[in-house]
Structure formats: C-alpha cells, structure tokens
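We number each residue from 1, following the sequence as shown. Everything quoted here is computed from the prediction, not taken from an experiment. Hydrogens, waters and symmetry mates play no part in the numbers below; they use all other heavy atoms, side chains included.
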Amino acid sequence: MATHKQIIIIGSGPAGFTAALYASRAHLQVAVFEGSQPGGQLTITTEVENYPGFEHGIMGPELMDVLRKQSHRFGAESIYETITEVNVSQRPFSVKTDRGNEFTADALIVATGASAKLLGTKGESTYMGYGVSACATCDGFFFRNQHVYVVGGGDTAMEEANYLTRFASKVTLVHRRDEFRASKIMIERAQKNPKIEFLTNTVIEEFLGEELPSGMRKLTSLRLHNTITSEYTVVPADGCFIAIGHEPNTKLFKDILDMDSTGYIITRGKSTYSNVPGVFVCGDAQDSVYRQAITAAGSGCMAAIDAERWLEMQSHHH
C-alpha cells in the first residue's frame with residue numbers, strides 16, 4: 001500500500017530543505033527523499049563563507065544539518081531512500097524508491113541538484129578514490145606535501161587548485177586550451193600562488209598506477225598529450241582532481257519534464273512551475289547560471305509557496 005503525503009520533495013540540498021521548511025510551516029505533510037547524497041553538494045564542501053547569516057562561515061555538512069533539523073522541527077520528515085521512478089500522468093502522483101517502496105503525493109517538488117562531471121578517460125574509474133578525485137575539499141587532506149594535478153579551466157578548477165595548495169607541495173593545473181573561461185579574479189589568484197603551475201594545450205590520455213600487494217591500487221602517473229605538438233609524455237602524479245563542471249541530476253524526468261540541451265529543467269517565467277501542473281522545480285536542477293547555496297535556498301522557498309498556492313487552488317476546484 002502506498003504512503004500518501006501532500007508534498008514529496010526529491011532531493012536534500014539547500015533547495016530541498018528550504019522547500020521542506022516553508023511547506024511544513026504551512027501545515028502541509030512533507031516528506032523529503034534525501035537520495036544518494038543526503039545534504040547534497042554542500043556536504044562535500046568545507047567552509048561556506050558566502051551563505052548570509054553566518055558571519056564567520058560555517059562548514060558545509062553542518063549547514064545542511066542545521067537546515068535539516070530546522071525543517072524537521074516543523075514536521076517535515078526525511079526518508080533516506082532514492083526515488084527511482086516517477087509517475088505524473090495521473091493524480092495523485094506516485095513515486096517508487098530503490099527499496100521498492102511506493103509513495104503518492106498531491107504535489108512534487110524536484111530539488112535533485114547537480115553532480116560533478118568526469119573525463120571518462122582510460123583509468124579514471126580504476127583509480128577513482130585511489131588518487132583520482134572530483135572533490136578537492138573532501139580529499140585534499142590526503143595529499144600533504146605531494147604533487148597533485150587539477151584538470152579544468154573554469155572557476156571550479158582555479159578554486160580547487162588554490163584550495164589544494166594548503167596541503168600539496170605543488171599543484172599543476174592542466175587545461176586543454178590555452179585560454180581559461182574562469183573569471184579574471186580567480187585566474188589572477190591562481191597565477192599569484194607560487195605553488196601553482198599551468199600546463200595548457202594538454203589533455204590527460206590515461207591514468208596510470210600500480211596494484212599494491214594489499215590488493216589496493218594507487219595512482220602513480222599521468223599520460224599527457226599535447227594538443228599542439230601531438231607529443232605524449234608520462235609524468236609522475238600523486239593525485240589528480242577533476243574540476244570540469246557539473247551536470248544536473250535530472251535523468252529521472254527525461255521525457256516527463258521540459259529540459260534544455262544540457263538537462264537543466266525549464267521552469268516558467270520567474271516561477272518554479274514545470275510544464276506538468278503540480279510539479280515544481282528548484283535549486284541546481286533548474287539553475288545552470290548561479291548555482292549557489294543561497295540561490296538554491298531562495299528557489300526552494302519559491303517552490304514551496306508555488307506548491308502551497310497551487311494545492312489551495314486545487315481544493316477550491318473540487
């Protein structure tokens with residue numbers, strides 16, 4: 001038998017929890033499906049200094065915990081399962097989880113966020129977690145006094161390179177072109193850092209390493225390809241961080257909700273309405289431009305208000 005909630009929120013970052021906070025304070029029954037990364041992308045960040053209200057900054061995981069508890073205080077419920085199937089062809093909507101449980105809802109709020117992109121290069125998955133990482137703030141600590149590489153040319157890459165110099169003895173930033181799309185201020189900051197060097201017009205052809213007797217494996221070097229001279233070189237590397245941007249976690253809604261070519265869900269005007277009445281979208285799943293914790297939280301508030309007003313309208317229709 002399916003469990004019914006007035007509002008189901010899919011995703012548990014700043015957008016999902018803010019939506020939960022507003023909806024539960026409006027006396028609606030709310031379930032937040034926390035999914036495969038409870039707390040979202042902020043749980044893999046260290047210090048968050050740009051979230052208003054925290055003068056001295058706050059740790060990402062701590063901020064998410066505060067938001068979670070704040071929404072629970074007003075009756076929102078967290079369900080630690082991942083939604084694998086959504087049916088919005090009839091109301092109430094229904095969803096199924098990875099544990100085979102079924103829930104129904106009068107309205108859905110999509111707050112599934114985005115995830116780091118990977119290169120897909122040979123050896124990348126083999127050494128992921130064994131020297132290859134997509135999160136400097138999670139793993140930088142393990143590379144004290146070592147030489148690490150960062151791949152990318154945007155703000156993320158510059159930020160990660162800078163962050164890694166706290167631990168690493170040297171950081172080499174690898175970029176396939178000779179121009180960066182990062183903002184001027186971030187490029188200058190990286191250029192001024194004596195621990196950072198730049199390797200442009202270069203791509204990683206392969207991640208190389210060794211199997212250790214313990215059955216573990218370890219990244220030891222990178223095979224690089226110069227896109228101008230076409231020559232290949234193998235360089236020793238203790239670690240490599242992939243910082244080439246993000247993609248929205250919206251596969252669940254393919255062919256259900258309108259999306260742009262990258263997969264960001266399209267919302268109507270300045271609202272959080274999707275093309276399906278009763279389905280609202282907030283946070284990084286619909287925002288390819290700002291992608292900040294505070295803008296995600298703001299849109300979560302909007303989604304809850306949109307959903308609440310929409311539900312109110314439905315009750316008058318019947």
Side-chain donor-acceptor pair under 3.5 Å between [X] and [Y], yes or no?
| X | Y | value |
| --- | --- | --- |
| Asn162 | Asn193 | yes |
| Asp306 | Thr272 | yes |
| Thr104 | His4 | yes |
| Asp98 | Thr84 | no |
| Ser183 | Asp155 | yes |
| Asn249 | Thr112 | no |

Test: [X] and [Y] ion pair at under 4.0 Å:
| X | Y | result |
| --- | --- | --- |
| Glu206 | Lys122 | yes |
| Arg68 | Glu34 | yes |
| Glu77 | Lys5 | yes |
| Glu205 | Arg223 | no |

Note, [X] side chain near [Y] side chain (heavy atom, < 4.5 Å):
| X | Y | value |
| --- | --- | --- |
| Gln41 | Asp284 | yes |
| Asn87 | Val95 | no |
| Phe241 | Val148 | yes |
| Gln191 | Phe198 | yes |

Parallel, tilted or perpendicular, as decided by the 30° and 60° cut-offs, for the rings of [Y] and [X]:
| X | Y | result |
| --- | --- | --- |
| Trp310 | Phe93 | parallel |
| Tyr149 | His147 | parallel |
| His225 | Tyr232 | parallel |

Exercise. Quick check: does any side chain N or O of Thr97 sit under 3.5 Å from a backbone N or O of Ile83, one acting as donor and the other as acceptor?
Worked result: no
Exercise. Okay, side chain of Thr262, backbone of Tyr264: is any donor-acceptor separation there less than 3.5 Å?
Worked result: no
Would you find more than 12 non-hydrogen atoms of other residues, nucleotides or ligands less than 6.0 Å from [X] atom [atom1]?
| X | atom1 | result |
| --- | --- | --- |
| Leu212 | CG | yes |
| Arg309 | CZ | no |
| Glu211 | CD | yes |
| Tyr22 | OH | no |

Exercise. Atom CD in Glu231, atom OG1 in Thr229: separation rounded to 0.5 Å?
Worked result: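 It comes to 4.0 Å.
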For this session: To the nearest 0.5 Å, tell me how far Glu308 CD sits from Arg25 CZ.
Result: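 These two atoms lie 10.5 Å from each other.
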Problem set entry | Shared hydrophobic cluster for Val88 and Tyr273 (ILVMFWY, side-chain gaps under 4.5 Å) |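 Not linked; separate clusters.
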Exercise. Between Glu197 and Lys170, is a salt bridge (Lys or Arg N to Asp or Glu O under 4.0 Å) present by the stated rule, with each step listed?
Worked result: CA-CA 8 Å; Glu197 64 167 35; Lys170 183 173 167 190; 3.5 Å; yes
